[in-house]
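The structure under discussion appears below in the form of structure tokens.
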Amino acid sequence: MKLLVTGGAGFIGSNFVHYIAKKYPDYQITNLDLLTYAGNLENLKALEGNPNYKFVKGDIADKDLVNDLAKDVDVIVHFAAESHVDRSILDSSAFIHTNVVGTHNLLEAAKNNGNKRFHHVSTDEVFGSLGPNDPAFNENTPYDPRSPYSASKASSDHLVRAYYHTYGLPVTISNCSNNYGPYHFPEKLIPLFVTNLIEDKKVPLYGDGMNIRDWLYVEDHCQAIDLIIHGGRIGETYCVGGASEKTNKEITYKILELMGKDEGSIEFVKDRPGHDKRYAIDFSKIKNELGWEPSVSFEEGLQKTIEWFKNNEAWWKNIKNGDYKNYYAKQYGEK
Ligand code: NAD
Ligand code: DAU
């Protein structure tokens with residue numbers, strides 16, 4: 001099988017590329033990534049020289065490039081996005097460009113090259129915010145995005161569905177909860193807090209710390225996508241979650257405990273504007289249809305993640321000091 005993976009130099013995309021290369025060594029993977037601030041080729045070092053893996057630096061909104069790449073693939077797995085809510089609050093232009101215009105461009109390329117199989121990686125944030133006693137999100141939950149990030153992802157989901165209904169494009173969508181694990185960019189809650197604590201810095205907890213997220217170890221998300229691209233029903237959406245709802249405060253205390261720190265390291269800071277209160281996922285559809293459920297508990301996943309960050313200091317220090325941006329130039333000889 002020939003896969004075009006977009007955003008494969010980011011957090012989940014690079015975990016997915018490793019997962020596929022290991023599980024299906026004969027699959028050919030082309031990784032299209034713009035290498036924005038969030039893209040890091042160091043994530044994929046182990047695959048350099050693998051004849052079944054190719055990296056292409058480029059923008060998913062580049063019509064000619066994407067059209068060319070779509071000609072020679074069987075499946076497009078679309079991760080590329082602007083993914084950080086706080087950045088979307090400061091300036092959402094890049095979110096519209098990549099998440100909306102870029103996704104539209106990929107859909108056009110898939111349609112114009114013989115209706116290629118298209119899997120769209122989306123988020124639970126498109127469903128909005130839950131109250132404490134509301135039932136978890138499922139595939140029938142109405143869309144109610146509330147940040148520029150989630151609005152741009154909702155928009156991309158609608159485009160994907162429209163291409164299925166209008167042109168018969170063979171699509172699937174997954175809406176997943178918060179991932180964590182190796183290669184997680186240290187601007188997000190867990191990697192930021194873990195790396196700050198290794199550096200003896202404080203951890204900035206937004207508001208009262210009582211917002212709730214559902215956490216999934218990234219490899220479990222990769223497995224869910226693997227099952228969907230191989231056995232998911234065309235035109236369907238699958239909700240993917242970790243059965244692991246936690247307040248940010250609970251996570252913070254757990255990390256402090258595992259890292260031998262105390263609450264003196266917490267700094268309560270101003271809340272995120274429009275901060276969604278709670279996300280939760282009912283993943284019974286993917287469980288019943290494809291036999292998927294999370295395999296890594298939050299306790300185990302968090303321990304593994306902390307270990308990974310302790311053992312890979314150079315990786316995140318290169319990000320924090322900006323050196324990771326030179327990696328492409330060194331490898332590919334381009335400034
Ligand atoms: P990330 O920010 O770590 O990585 C995004 C990648 O996309 C980067 O490598 C970046 O260089 C690339 N990219 C950005 N704009 C591009 C463009 N115009 N053209 C080509 N490449 C571009 O993101 P992530 O956390 O790995 O998320 C991946 C996908 O999964 C996103 O679509 C996100 O919405 C979705 N998702 C993320 C989570 C999560 O918890 N991180 C949960 C559910 C869904
Ligand atoms: O739910 C899936 C989504 O999860 C994905 O679609 C997004 O791409 C991904 O970034 C993530 O979004 P969140 O906003 O939930 O993740 P983040 O790590 O930014 O924040 C998690 C929670 O922690 C949130 O309630 C805000 C809070 N937080 C975050 C940061 C960065 C803090 O309290 N302090 C912080 O410094």
Side-chain angles (χ1 to χ4, degrees), residues 5-17 31-41 43-44 56-62 65-66 77-89 94-95 97-99 101-103 105-106 120-127 129 137 145 147 149-150 152-153 156-157 174-181 183-193 196 202-216 218 221 224-225 239-242 246-249 251-252 266-272 275-281 328:
V5 175
T6 71
F11 162 46
I12 308 175
S14 61
N15 276 282
F16 181 76
V17 169
N31 172 16
L32 169 63
D33 196 298
L34 186 57
L35 299 182
T36 66
Y37 81 94
N40 184 357
L41 283 184
N43 301 6
L44 298 156
V56 177
K57 185 180 178 193
D59 188 341
I60 57 165
D62 178 334
L65 174 65
V66 167
V77 188
H78 177 32
F79 293 91
E82 286 294 331
S83 69
H84 193 38
V85 174
D86 293 329
R87 286 179 188 258
S88 82
I89 295 168
F95 290 73
H97 172 80
T98 292
N99 302 0
V101 178
T103 302
N105 192 43
L106 277 173
H120 180 55
V121 181
S122 193
T123 169
D124 59 358
E125 300 201 10
V126 298
F127 300 123
S129 179
F137 301 133
S147 73
Y149 163 67
S150 54
S152 68
K153 289 297 291 187
S156 64
D157 291 14
S174 47
N175 292 93
C176 187
S177 62
N178 286 60
N179 286 215
Y180 66 101
Y183 304 118
H184 204 178
F185 198 85
E187 65 183 347
K188 309 280 168 65
L189 178 81
I190 290 180
L192 177 71
F193 282 22
N196 274 12
K202 295 217 176 209
V203 297
L205 197 50
Y206 295 167
D208 60 4
M210 295 309 286
N211 300 66
I212 294 171
R213 298 290 181 267
D214 168 54
W215 294 90
L216 180 68
V218 63
H221 187 187
I225 296 170
C239 282
V240 180
K246 310 269 177 227
T247 64
N248 295 333
K249 218 171 174 177
I251 302 222
T252 306
I266 300 178
E267 186 178 9
F268 283 93
V269 298
K270 201 162 149 264
D271 208 356
R272 172 184 282 175
H275 197 171
D276 287 344
K277 195 71 194 160
R278 171 178 167 239
Y279 307 142
I281 287 269
Y328 180 77

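Side-chain atoms are counted along with the backbone in the values below, which use heavy atoms only and exclude waters and symmetry mates. As the structure lists them, so they are numbered: ligands from 1, and atoms in each ligand from 1.
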Closest approach of any protein heavy atom to [atom], naming residue and atom:
atom                    : answer
atom 13 (P) of ligand 2 : Glu125 OE2, 3.5 Å
atom 34 (N) of ligand 2 : Pro204 O, 2.7 Å
atom 11 (C) of ligand 2 : Asn178 ND2, 3.4 Å
atom 27 (C) of ligand 2 : Asn248 ND2, 3.4 Å
atom 19 (O) of ligand 2 : Arg272 NH2, 3.0 Å
atom 31 (C) of ligand 2 : Glu187 O, 3.3 Å
atom 26 (C) of ligand 2 : His275 NE2, 3.4 Å
atom 1 (O) of ligand 2  : Asp124 OD1, 2.5 Å

- Query: Between Leu192 and ligand 2, which part of the residue brings a heavy atom under 4.0 Å of the ligand: side chain, backbone, both or neither?
  - Reply: side chain
- Message: Counting only heavy atoms closer than 4.0 Å, does ligand 2 sit against the backbone of Leu205, its side chain, both, or neither?
- Response: both
Side-chain donor or acceptor of [X] paired with backbone N/O of [Y] under 3.5 Å:
X      : Y      : answer
Asn179 : Ser177 : yes
Asn43  : Ala9   : yes
Asn105 : Ile60  : yes

Indicate yes or no: does an N/O atom of [X] lie under 3.5 Å from an N/O atom of ligand 1?
X      : result
His221 : no
His97  : no
Tyr37  : no
His184 : no
Lys153 : yes

Quick one: [atom1] on [X] to [atom2] on [Y], what's the gap to the nearest 0.5 Å?
X      : Y      : atom1 : atom2 : answer
Ser122 : Phe127 : OG    : CZ    : 7.5 Å
Asp59  : Leu65  : CG    : CG    : 8.5 Å
Lys277 : Ile212 : NZ    : CD1   : 7.5 Å

- Item | ligand 1 versus Asn40: contacting region, heavy-atom distance under 4.0 Å | neither
- Note on the structure: Any heavy atom of Phe11 under 4.0 Å from ligand 1? The part involved is both
Which one of [options] has a non-hydrogen atom at the shortest distance from [atom]?
atom                    : options                        : result
atom 19 (N) of ligand 1 : Leu32, Ile60, Ile190           : Ile60
atom 15 (O) of ligand 2 : Glu267, Lys249, Lys153, Arg213 : Arg213
atom 44 (C) of ligand 1 : Ser177, Gly10, Ser122          : Ser122
atom 7 (C) of ligand 2  : Ser88, Ser83, Ala38            : Ser83
atom 37 (C) of ligand 1 : Asn99, Ile12, Thr123           : Ile12

Could you list the atoms of ligand 2 found under 4.0 angstrom from a heavy atom of [X]?
X      : value
Thr123 : 1 (O), 2 (C), 3 (C), 5 (C), 6 (O)
Tyr149 : 5 (C), 6 (O), 7 (C), 8 (O)
Lys188 : 10 (O), 18 (O)
Tyr279 : 1 (O)
His84  : 19 (O)

- Test of proximity, Leu189 against ligand 2: N or O pairs below 3.5 Å: yes
- Message: Tyr206 versus ligand 2: do any nitrogen or oxygen atoms come within less than 3.5 Å of each other?
- Response: yes
Check if [X] has a non-hydrogen atom at a distance under 4.0 Å from any atom of ligand 1.
X      : answer
Phe79  : yes
Asp33  : yes
Gly58  : yes
Tyr149 : yes

- Query: Side chains of Asn178 and Leu189: closer than 4.5 Å at any heavy-atom pair?
  - Reply: no
